[in-house]
Amino acid sequence: MPSFKVTVTVRLKQGVLDPQGKAIEGALTSLDFSGVKGVRQGKVFDMVLEAKDAKEAEKAALKMADKLLANTVVEDFQVEFA
Amino acid sequence: MSATVVLFPGANRDRDMLAALRSVTGAMPRTVWHQDTKLPKSDFIVLPGGFSHGDYLRAGAIAARAPIMKAVAAAAKKGVPVLGICNGFQLLTEARLLPGALLRNAGLTFVCREVRLSIENTDNPFLHTYNQGEIIRCPVAHHDGNYFADEKTLKTLEGDGRVALRYTEGTNPNGSINDIAGILNERGNVLGMMPHFENLVEDAQGGTDGRRLFEAALDAVAAA
């Protein structure tokens, strides 16, 4: 079976506070990077999936993201092929 | 009472929980391993605090998908009282047995301190031994206790009196929305809370205000 490199990106939903992003923004500003207007921290999962075809791999990745990788109460996710 | 404490790798308050239950009920509770699929006969189920699976991915996320959780969800659906403290609360939200989510503390640091709590709902199997509006002091110890729920969920929780415990003004240690420290499910038989009532059952622990929660559960089970 062919294998596919799939990347799942998980981000906090809009409106959910991100204290870590805020702290990173503060750190960047204190490093004299000017013009940083908002940082949101997320997660990236690089996976190798065996599947019949790309469509199946995408379907599987979406299911994994929905079931475990993201907490859909507060997070959104996105699936891409590398 | 047949109490059962669910054990997860990385939990570290399970023994405190067992000791508290034993102290109050006089009997050693049973334990069940997270990979088991069946619960022993249980009329009270407890998910203890700690750092199941090292808090990898999200606090409680991996534990919430453990095989035993199907049995816990089924018992909750039947009306068995289920209590989750700290990591147990995180786990209950991840398992969707309670709404909302517990995010990283607003101050980003791990907090280990005493807070003041107001008992907001006493019409449930866990808190009927307290007076509504009673204020007690209790320890918390967590990194992800910042309760969040969307506006609609929050409105439902507040409207239905499902906020069971609230940090009193000025003592919110984590930035949780509406100072929420604990919530109930719709039926009132699942309680998730951050404060460690299991560490407040004997004088040597600096107070016994947590003891009444376990007495309440014992009473509720005996009356059922």
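Numbers restart at 1 for each chain; the letters A, B, ... are given by sequence-line order, proteins then strands. Keep in mind that the numbers below use all heavy atoms, side chains included, and drop hydrogens, waters and symmetry copies.
- Within 6.0 Å of CZ in B/R65 there are more than 12 heavy atoms belonging to other residues, nucleotides or ligands.
- Interface check for chain A: of the options B/A61, B/A64, B/G100, B/G107, the most heavy-atom pairs under 4.5 Å are formed by B/G100.
- Counting only heavy atoms from C-beta outward, the side chains of B/T93 and A/V73 never approach each other to under 4.5 Å.
- In this structure, the portion of A/E75 lying under 4.5 Å from any heavy atom of chain B is its side chain and not its backbone.
- Between A/P19 and B/A106, the shortest heavy-atom contact is CB-O, 3.6 Å.
- By the neighbour-count criterion of 12 heavy atoms within 6.0 Å, atom CD of A/Q78 is densely surrounded, having more than that number from other residues, nucleotides or ligands.
- When all heavy atoms of B/L57 and A/K43 are compared, the closest pair comes out as O-NZ, 3.0 Å.
- Within 6.0 Å of the CG atom in B/N178, the count of heavy atoms belonging to other residues, nucleotides or ligands exceeds 12.
- For the set B/R104, B/R58, B/E94, the count of heavy-atom pairs under 4.5 angstrom toward chain A peaks at B/R58.
- Summarising the local packing, CZ of B/R15 is surrounded by 12 or fewer heavy atoms from other residues, nucleotides or ligands at distances under 6.0 Å.
- Neither the backbone nor the side chain of A/K13 comes within contact range of chain B, judged by heavy atoms closer than 4.5 Å.
- Heavy atoms closer than 4.5 Å to chain A are found in the backbone of B/N105, but not in its side chain.
- Between B/F148 and A/L12 the shortest side-chain heavy-atom distance does not fall below 4.5 Å.
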* Asked: Which is it for B/L103 and A/L17 under the side-chain contact (heavy atoms from CB on, under 4.5 Å) test, yes or no, and what are the steps along the way?
  -> CA-CA 9 Å; B/L103 305 176; A/L17 281 177; 5.6 Å; no
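- Residue-environment remark: CZ (B/F110) exceeds the threshold of 12 foreign heavy atoms within 6.0 Å.
- Proximity to chain B involves both the backbone and the side chain of A/V16, based on heavy atoms less than 4.5 angstrom apart.
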